[in-house]
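Side-chain atoms are counted along with the backbone in the values below, which use heavy atoms only and exclude waters and symmetry mates. Nothing fancy with the numbering, it's 1 onward along the sequence.
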Amino acid sequence: MDTIQEGIGHLLGLGRDIGDLAAWQMALRTIVIYVCALAIVRFGSKRFLSRASAFDVIVAIMLGSIMSSAINGSAPFVPTIVAGAVLVGMHWLLAHLAARLDWFGPLVKGHRQLLIRDGEIQEEGLRKSGLSRRDLEQHLRLEHNTTDMSTIERAYMERSGKISVVPAERSPRATDVSVRDGVLTVRVELD
């Protein structure tokens with residue numbers, strides 16, 4: 001058993017100083033850390049693999065920082081992997097609590113901001129979201145093919161940073177009704 005540990009220790013350069021690692025040892029560490037980080041993320045938090053919020057991005061950056069220190073030998077190898085697992089476990093726990101407790105989610109992930117109500121831009125929502133009118137108009141043009149605010153019932157800056165739009169319901173109305181040669185013609189317009 002000791003010879004296996006010694007062999008793994010030699011391959012990964014365990015117990016060596018930063019400057020004493022060979023390039024092939026750093027390459028092997030990179031592979032091992034990549035596999036471990038992938039396993040930690042896959043088993044710990046599926047959220048990394050979906051649309052990331054600021055909550056997720058911070059954890060991803062921290063995980064990368066922690067794991068990179070094991071690659072270059074500036075931190076102990078196994079404790080670094082354990083620290084990465086603890087970080088992802090904590091992220092999973094906070095995400096679980098945020099999904100289950102209505103009061104906890106906004107503490108961790110923030111609130112959505114109302115940007116448009118009944119076709120009217122909400123200046124306070126723009127200010128809190130850090131958006132200008134031009135940013136909002138650009139989004140509406142690019143994502144919703146409209147520049148007409150009156151066609152929007154609500155628009156929100158969601159906690160993920162995406163802008164969601166609820167279109168206004170358009171009621172049809174008859175504008176012209178006529179009978180000619182026994183044929184009834186009705187002209188209908190949408191508001």
Side-chain angles (χ1 to χ4, degrees), residues 1-115 124-132 135-136 139 142-143 155-165:
M1 188 69 168
D2 285 339
T3 54
I4 294 174
Q5 273 184 319
E6 288 175 12
I8 292 172
H10 172 70
L11 288 173
L12 296 175
L14 300 179
R16 291 188 167 188
D17 291 332
I18 294 173
D20 294 340
L21 289 175
W24 65 270
Q25 288 173 316
M26 285 187 75
L28 186 57
R29 282 176 169 238
T30 301
I31 293 167
V32 171
I33 290 296
Y34 177 79
V35 169
C36 289
L38 184 61
I40 289 168
V41 169
R42 291 283 294 152
F43 293 119
S45 179
K46 305 278 190 258
R47 294 173 52 89
F48 284 129
L49 306 174
S50 63
R51 293 185 179 185
S53 66
F55 175 65
D56 302 315
V57 170
I58 289 169
V59 173
I61 291 168
M62 289 178 67
L63 182 63
S65 177
I66 288 170
M67 295 306 208
S68 69
S69 63
I71 292 171
N72 66 21
S74 64
F77 194 78
V78 174
T80 300
I81 293 172
V82 172
V86 168
L87 176 67
V88 173
M90 186 176 73
H91 179 262
W92 177 87
L93 176 65
L94 292 176
H96 183 75
L97 290 173
R100 306 284 182 289
L101 302 173
D102 290 337
W103 63 269
F104 190 71
L107 290 175
V108 175
K109 299 179 183 181
H111 297 275
R112 69 179 183 182
Q113 292 296 323
L114 181 64
L115 303 175
E124 183 177 346
L126 287 180
R127 184 181 48 75
K128 286 182 178 180
S129 298
L131 290 175
S132 68
D135 294 335
L136 179 59
H139 174 81
L142 292 173
E143 300 296 324
Y156 296 95
M157 170 70 80
E158 299 294 347
R159 299 185 316 181
S160 66
K162 302 280 185 187
I163 297 174
S164 64
V165 173

**Student:** Of all heavy-atom pairs between G105 and A98, which one has the smallest distance, and what is that distance?
**Tutor:** CA-CB, 3.7 Å
**Student:** Output yes when a side-chain donor or acceptor of T80 lies under 3.5 Å from a complementary backbone atom of P76, and no otherwise.
**Tutor:** yes
**Student:** Please lay out, stage by stage, how M157 and L136 fare under the test side chain to side chain contact (heavy atoms under 4.5 Å, CB included).
**Tutor:** CA-CA 10 Å; M157 170 70 80; L136 179 59; over 6 Å; no
**Student:** Using the rule given for side chain to side chain contact (heavy atoms under 4.5 Å, CB included), can you reason through D135 versus H139, listing the C-alpha separation, both sets of side-chain angles and the distance that settles it, and then say yes or no?
**Tutor:** CA-CA 6 Å; D135 294 335; H139 174 81; over 6 Å; no
**Student:** Rounded to the nearest 0.5 Å, what separation is found between the CD atom of E158 and the CG atom of L115?
**Tutor:**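 Rounded to the nearest 0.5 Å, the CD-CG separation comes out at 9.0 Å.
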**Student:** Looking at Q113 and S129, what are the two nearest heavy atoms and their distance?
**Tutor:**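 Looking at all heavy atoms of both residues, the shortest contact is CB-OG, 3.3 Å.
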**Student:** Taking it one step at a time, do I33 and F77 satisfy side chain to side chain contact (heavy atoms under 4.5 Å, CB included)?
**Tutor:** CA-CA 9 Å; I33 290 296; F77 194 78; 3.9 Å; yes
**Student:** Please name the pair of heavy atoms, one in L126 and one in S132, separated by the smallest distance, quoted to 0.1 Å.
**Tutor:** CD2-O, 4.2 Å
**Student:** Is there a donor-acceptor contact under 3.5 Å from the side chain of R159 to the main chain of R112?
**Tutor:** no
**Student:** For a side chain to side chain contact (heavy atoms under 4.5 Å, CB included) check, start with the C-alpha distance between E143 and I163, then their side-chain angles and the critical distance, and finish with the verdict.
**Tutor:** CA-CA 9 Å; E143 300 296 324; I163 297 174; over 6 Å; no
**Student:** Looking at OG1 of T30 and CH2 of W24, how far apart are the two atoms once the value is rounded to the nearest 0.5 Å?
**Tutor:** 13.0 Å
**Student:** Are the side chain of R29 and the backbone N or O of N72 linked by a donor-acceptor pair below 3.5 Å?
**Tutor:** no
**Student:** Quick one: pull up CD1 in I71 and CG in L12 and give me the separation to the nearest 0.5 Å.
**Tutor:** 11.5 Å
**Student:** More than 12 foreign heavy atoms under 6.0 Å from CZ of F104: is that the case here?
**Tutor:** yes
**Student:** Can you tell me how far the CD1 atom of I31 sits from the SG atom of C36, to the nearest 0.5 Å?
**Tutor:**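 If we round to the nearest 0.5 Å, I31:CD1 and C36:SG are 12.0 Å apart.
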